[in-house]
Amino acid sequence: MTEPAHPPSTATLARWRLVAQDVTARIARGEFIDVFPGELALAQEYEVSRHTIREALRDLRLTGAVTAGRGRPSKVSLPQHIEQSVDTLYSLFESLISAGFTHRSGVLAKDVRTDPAVAAELDRDPNAPLLYLERLRLADEIPLAVDRVLLPADLTAPLLNADFEHASLYDQLRVLCGIHLTGGQERIRAAIPTPQEQELLDVSTDVAVLVLDRQGCQNGAPFEWRQTRIRGDRFSVVAQFAPDSYRFRHSDLPDGPHPFGAAP
């Protein structure tokens with residue numbers, strides 16, 4: 001007995017939505033990149049009819065998760081890769097907006113603490129209070145980066161009450177504290193994410209992260225110590241150069257204490 005045409009029953013509607021949601025989550029984890037299964041294979045795996053699978057695939061095509069041409073099998077729509085120039089003091093928030101992504105941050109921690117090693121890098125007293133902000137950065141609701149930053153607490157107290165869900169830290173610094181960073185140094189390296197970071201970023205064990213260790217400065221004085229761990233499958237850095245204006249360096253930041261237990 002064949003299933004009825006549109007509209008599907010409430011039960012069928014619930015099944016195809018569940019299938020579509022599960023397939024979307026699996027795509028976000030990196031599955032189906034090489035080969036996307038056919039209708040029959042999906043129907044057998046989820047133990048539903050091919051009609052239910054067609055409804056799920058139709059929804060996935062509407063959301064852009066998969067693409068399919070006439071007479072061609074479905075395939076995963078690869079996420080846009082985010083590129084960032086290394087010659088500017090950039091904001092990840094602004095980079096995502098410029099690339100056409102919707103941006104959101106989930107605040108994982110926001111408090112005041114001490115860290116003698118980082119305080120030394122900021123030319124502060126070892127016991128100086130530091131404002132700590134940790135965020136999970138999302139692009140189009142897909143986890144992209146874990147961002148951790150330490151700033152002098154005596155100059156950034158208004159940030160404790162700031163809303164960072166859709167706002168840039170640098171914008172909040174400028175508006176709430178009257179502080180504008182003017183430069184700095186950054187080291188970029190590859191690393192294996194910790195189990196906690198794998199869970200936060202929703203990546204498998206074979207996906208590395210790019211680690212960006214940044215010392216931001218205000219008029220030449222160190223003010224910000226930041227570490228951003230970005231999914232290596234979603235982000236790359238780009239350098240422009242000419243024969244007389246580009247030099248490769250082993251590290252932009254000096255070897256020494258690294259924040260958050262992240263020594264190379």
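In this structure a side-chain-to-backbone donor-acceptor pair under 3.5 Å is missing from R15 to T52. With hydrogens and angles disregarded, a donor-acceptor distance shorter than 3.5 Å links the side chain of E197 to the backbone of T194. Listed for the D115 side chain is a donor-acceptor partner under 3.5 Å among the backbone atoms of A117. Between the Q215 side chain and the E121 main chain, a donor and an acceptor come within less than 3.5 Å of each other.
The side-chain heavy atoms of V19 and L42, taken from C-beta on, include no pair separated by under 4.5 Å. With contacts defined as side-chain heavy-atom distances shorter than 4.5 Å, the pair I230/L212 qualifies. Between R214 and T228 the shortest side-chain heavy-atom distance does not fall below 4.5 Å. V149 is not listed as a side-chain neighbour of Y132, based on a closest heavy-atom distance of 4.5 Å or more. Using a 4.5 Å heavy-atom threshold, the side chains of T24 and D59 count as separate. Between I53 and L57 the shortest side-chain heavy-atom distance falls below 4.5 Å.
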For L173 and F223: C-alpha separation, side-chain torsions, deciding distance, then whether side chain to side chain contact (heavy atoms under 4.5 Å, CB included) applies. CA-CA 11 Å; L173 265 176; F223 188 86; 4.3 Å; yes
Q: Output, in order, the C-alpha distance, side-chain angles, deciding distance and verdict of side chain to side chain contact (heavy atoms under 4.5 Å, CB included) for R104 and H166.
A: CA-CA 5 Å; R104 184 172 69 84; H166 298 289; 3.9 Å; yes
Would L155 and I179 satisfy side chain to side chain contact (heavy atoms under 4.5 Å, CB included), going step by step from the backbone distance to the final call? CA-CA 9 Å; L155 300 176; I179 295 170; 4.2 Å; yes
Take L176 and N161, measure what side chain to side chain contact (heavy atoms under 4.5 Å, CB included) needs, and give me the verdict at the end.
-> CA-CA 10 Å; L176 299 178; N161 297 317; over 6 Å; no
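Scored by the side chain to side chain contact (heavy atoms under 4.5 Å, CB included) test, E47 finds no partners at all (sequence neighbours excluded). The side chain to side chain contact (heavy atoms under 4.5 Å, CB included) check on D125 picks up N127, A128, with sequence neighbours excluded. With sequence neighbours left out, L160 forms a side chain to side chain contact (heavy atoms under 4.5 Å, CB included) with K110, V112, L131. A search for side chain to side chain contact (heavy atoms under 4.5 Å, CB included) contacts involving P116 returns P126, not counting sequence neighbours. Remark: D22 pairs with Y46 by the side chain to side chain donor-acceptor pair (under 3.5 Å) rule, at least two apart or across chains. Listed by chain and residue number, F32 satisfy the ring-ring contact (aromatic ring centres under 6.0 Å, His included) test with F36 (two or more places apart in sequence, or in another chain). Here D111 pairs with R113 under the side chain to side chain donor-acceptor pair (under 3.5 Å) rule; sequence neighbours left out. Looking at residues two or more places apart in sequence or on another chain, you find a side chain to side chain donor-acceptor pair (under 3.5 Å) between E45 and R26.
To the nearest 0.5 angstrom, R50 atom CZ is 5.0 Å from E39 atom CD. Note: L60 CG to I27 CD1 = 6.0 Å, rounded to the nearest 0.5 Å. With rounding to the nearest 0.5 Å, the separation of CH2 in W16 from NE2 in H51 is 10.0 Å. In this structure, CZ on R231 lies 11.5 Å from CD on Q198, to the nearest 0.5 angstrom. Of the inter-residue distances, the one linking L133 atom CG with E224 atom CD reads 10.5 Å to the nearest 0.5 angstrom.
Of all non-hydrogen atoms in L122 and L150, the two that sit nearest each other are CD1-O, 4.1 Å. The shortest heavy-atom contact between T156 and C177 is CA-SG, 3.8 Å. Residue R229 comes nearest to P193 through the heavy atom pair NH2-CA, 4.5 Å, listed as atom of the first residue, atom of the second, then distance.
Within the structure, ring pair (Phe, Tyr, Trp, His ring centres under 6.0 Å) contacts touching residues 191-212 (residues at least two apart or in different chains) do not occur. Applying the salt bridge (Lys or Arg N to Asp or Glu O under 4.0 Å) test to every pair with at least one member in residues 127-136, sequence neighbours left out, gives these pairs: E134-R148, R135-D147. Listed by first then second residue, pairs satisfying salt bridge (Lys or Arg N to Asp or Glu O under 4.0 Å) with a partner in residues 152-169 read R124-D154, not counting sequence neighbours.
Cation-pi geometry between R226 and Y170 is satisfied (NZ or CZ under 6.0 Å from the ring centre, within 45° of the ring normal).
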Side chains of residues 202-211: which donor-acceptor partners sit under 3.5 Å, not counting sequence neighbours?
unit_1, atom_1, unit_2, atom_2, d
S204, OG, D206, OD1, 2.3

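A side-chain donor-acceptor contact under 3.5 Å links R137 and H103.
Residues V175 and L151 are members of one and the same hydrophobic cluster, defined by side-chain heavy-atom contacts under 4.5 angstrom among Ile, Leu, Val, Met, Phe, Trp and Tyr.
Partner of L201 under the side chain to side chain contact (heavy atoms under 4.5 Å, CB included) criterion, chosen from L138, V146, I142: V146.
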